[in-house]
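Count residues from 1 along the sequence.
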Amino acid sequence: MRVLMILPALTEATSPLFRPIKYSLFPPLGLATLAAYLPDDDEVRIVDEHVERFDPAGGDRLPDLVVIQVYITSARRSYELADWYRARGVFVALGGLHVTSLPDEAAAHADAVFLGPGEDTWPVFLADLRRRAPLPRYTSKQRTLERLPPIRRDLIQRHRYLVPNSIVVSRGCPHHCDFCYKDAFFGGGKSFYTQAVDAALAEIDRLPGRHLYFLDDHLFGNRRFALALFEGMRGMGRVFQAASTVDAVLAPDLLEAAAGAGLRSLFVGFESVNAANLAAQRKRQNIGRDYAAVARRIHDAGAMVNASFVFGMDEDGPDVFDRTVEWAVAQGIETATFHIMTPYPGTGLFRRIEAEGRIAHRDWELYDTRHVVYEPRGMTARQLEDGYWRAYKDFYRWGALWRGAASHGRAGDRLRHLAYAGAWKKFERVWDALIRTRQVLHALPLLEAALASFGGRRPERGSGAQQRQDGEHAAVGVR
């Protein structure tokens with residue numbers, strides 16, 4: 001059987017004028033995971049439109065099966081490709097976040113749709129397909145990563161990605177925030193589960209080089225699993241980046257164990273500097289936490305902070321942008337990711353905003369966290385969009401980068417702050433040139449060097465009584 005797997009791209013990612021580096025970071029692991037269930041005699045190809053141009057009419061033979069992973073902002077392109085293949089008699093399967101949120105919409109463009117994660121439903125579908133009796137809809141119920149076959153990394157074009165060694169060792173998140181798209185994806189079954197530690201370590205061992213990027217929504221989400229994983233990674237000589245929550249950062253021992261295993265950069269969802277917003281969004285893991293202590297503990301452990309913030313929640317006014325940037329710069333946060341609050345279909349936030357009559361439109365291409373797609377409460381839509389772009393500009397000004405770097409006590413940390421943050425945002429044209437000439441992987445040694453230079457010291461704070469004190473602080477960093 002000839003199988004074609006496609007990750008459709010956003011319009012911006014295929015622009016002939018400028019290609020942001022974020023679209024060339026990670027390969028499509030989800031598709032490569034599904035490909036591992038196919039027998040060796042199947043002919044399989046993975047196409048990622050973020051890093052290569054693709055014309056469905058360009059091949060000499062049509063595939064027997066087309067599998068398309070659909071995100072909300074790529075839905076139009078996904079349906080366009082699906083319709084093209086179906087018109088020519090090819091069986092088309094659609095899955096992903098958007099399909100799970102709006103299965104009836106997706107079903108109009110597919111022969112089969114997949115709701116939720118596919119590890120349990122995909123093998124069933126393949127068996128059904130081979131006996132010519134596929135179902136139109138497969139819904140995940142049994143959530144497990146046991147006996148997960150090795151990911152088909154041989155189908156990934158490593159040279160096209162800055163971070164080819166991305167890895168996922170868990171699924172979902174133990175928390176249930178109203179605005180989280182992933183929470184809807186894992187509805188109807190277990191919402192957080194992990195691989196066996198030995199299986200995760202074996203996958204890590206198969207990856208070349210030093211650098212890893214854990215794409216897990218919450219790598220620290222299962223304390224026992226995380227501690228065992230980090231213990232198994234000690235001595236591997238790896239440096240890695242990952243994501244966690246503020247409460248896990250403040251918990252004793254976890255952060256130190258991760259740093260000892262090679263953690264050098266941590267993505268943390270601070271989300272809002274307005275405490276009232278957190279309860280409204282069910283962001284319970286952030287309520288009552290000292291954000292400054294979170295940043296301090298990560299830095300003391302020898303890692304960098306990648307902070308995430310969301311603008312446009314109901315308690316936000318026009319002052320939220322300057323306040324957020326000022327707080328982040330003052331804490332010496334190396335990189336920040338800003339978002340406009342986006343009510344994704346299938347989430348509690350969407351249901352609430354829709355019930356209030358505040359959904360502006362359903363043009364899914366604009367549900368990208370950069371456009372306002374609802375009616376804000378505390379400011380106008382124009383103020384929200386302008387403030388979002390101003391926050392990025394202000395945070396990554398050279399003056400702000402210098403001030404953030406100056407907050408670090410060590411000269412080496414100050415230099416690395418400037419190098420890492422500056423390279424990320426101040427050299428975008430260089431990244432664009434590397435992407436277009438397929439040389440982006442050559443920048444990986446520089447990334448490894450920057451990350452490896454962190455963590456070369458014992459934490460100065462954040463152990464014993466200090467850990468407990470940081471965890472018990474009132475939310476002095478939140479107003």
Side-chain angles (χ1 to χ4, degrees), residues 1 3 5 7 26-42 44-46 48 65 67-69 93-97 99-100 112 114-130 138-156 158 161 163-174 182 185-208 212-233 236 238 240 242-243 261:
M1 181 168 65
V3 182
M5 296 180 156
L7 182 63
F26 312 115
L29 282 190
L31 295 177
T33 299
L34 295 183
Y37 289 92
L38 294 163
D40 292 339
D41 58 350
D42 280 349
V44 189
R45 179 189 176 194
I46 294 178
D48 180 359
L65 170 65
V67 183
I68 301 176
Q69 185 174 358
L94 299 181
L97 294 171
V99 174
T100 301
F114 292 78
L115 280 58
E119 287 88 0
D120 60 330
T121 54
W122 179 248
V124 174
F125 160 74
L126 290 177
D128 291 347
L129 184 66
R130 291 184 187 281
Y138 291 83
T139 303
S140 172
K141 299 289 187 183
Q142 183 67 38
R143 307 285 168 80
T144 180
L145 296 178
E146 293 182 9
R147 296 182 296 278
L148 188 71
I151 297 171
R152 286 290 305 275
R153 294 183 182 271
D154 58 300
L155 299 174
I156 292 172
R158 287 179 57 89
Y161 301 96
V163 188
N165 281 0
S166 53
I167 184 172
V168 182
V169 297
S170 65
R171 299 289 188 271
C173 179
K182 292 287 186 71
F185 184 70
F186 288 94
K190 192 185 299 183
S191 61
F192 181 66
Y193 48 105
T194 70
Q195 282 185 276
V197 173
D198 287 346
L201 292 172
E203 178 66 17
I204 292 170
D205 204 43
R206 283 190 287 268
L207 296 172
L212 302 173
Y213 200 117
F214 287 93
L215 292 173
D216 303 70
D217 296 308
H218 188 359
L219 186 61
F220 296 7
N222 180 317
R223 179 181 176 85
R224 180 181 297 180
F225 170 82
L227 288 174
L229 178 71
F230 300 146
E231 179 61 29
M233 291 179 64
M236 282 188 170
R238 299 286 191 172
F240 69 90

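Rounding to the nearest 0.5 Å gives a distance of 10.5 Å between CG of Leu7 and CG of Leu29. Note that CZ of Arg238 is 7.0 Å distant from CG of Asp205, once rounded to the nearest 0.5 Å. Atoms CE and CG, from Met236 and Leu212 in turn, are 8.5 Å apart once rounded to the nearest 0.5 Å. Atom OH of Tyr37 sits about 10.0 Å away from atom CG of Leu126, to the nearest 0.5 Å. Between atom CG of residue Leu31 and atom CZ of residue Arg45 there is a gap of 13.0 Å, rounded to the nearest 0.5 Å. Note: Tyr213 OH to Ser166 OG = 10.0 Å, rounded to the nearest 0.5 Å.
In this structure the side chain of Val169 never reaches within 4.5 angstrom of the side chain of Leu145, judged on heavy atoms. For the pair Glu203/Leu148, no side-chain contact is recorded, criterion being any heavy-atom separation below 4.5 Å from C-beta on. Put simply, the side chain of Leu219 does not reach to within 4.5 Å of the side chain of Ser170, judged on heavy atoms. Counting only heavy atoms from C-beta outward, the side chains of Ile204 and Leu229 approach each other to under 4.5 Å. Residues Phe125 and Leu34 form no side-chain contact, since every pair of their non-hydrogen atoms from C-beta on lies 4.5 Å or further apart. Using a 4.5 Å cut-off on side-chain heavy atoms (C-beta onward), Met5 and Pro28 make no contact. Ile156 has its side chain within reach of Tyr161: a pair of non-hydrogen atoms, C-beta onward, lies under 4.5 Å apart. The shortest side-chain heavy-atom distance between Gln69 and Val67 does not fall under the 4.5 Å cut-off.
Counting all heavy atoms, side chain and backbone alike, Phe114 lies closest to Val99 at O-CG1, 3.6 Å. Between Pro164 and Arg153, the shortest heavy-atom distance links the atoms O-NH1, 3.7 Å. Nearest approach of Ala200 to Ile167, heavy atoms of both residues: O-CD1, 4.4 Å. For the pair Asp120 and Gln142, the tightest heavy-atom approach, listed with the atom from each and the gap, is OD2-N, 3.0 Å. Across Leu129 and Met1, no two heavy atoms sit closer than the pair CD2-SD, 3.9 Å. Of all heavy-atom pairs spanning Tyr193 and Pro117, the tightest one is OH-CG, 3.4 Å.
Proximity of the aromatic rings of Phe230 and Phe220 is defined here by a centroid distance below 6.0 angstrom, and this criterion is met.
Asp216 places no side-chain N or O within donor-acceptor distance of the main-chain N or O of Ala242, the cut-off being under 3.5 Å. Judged purely by atom type and a 3.5 angstrom limit, Thr121 has no side-chain atom pairing as donor or acceptor with the backbone of Ser140. No donor-acceptor pair under 3.5 Å is formed between the side chain of Arg143 and the backbone N or O of Arg171.
Aromatic ring orientation, Phe240 versus Phe214: perpendicular (interplanar angle above 60°, classes split at 30° and 60°).
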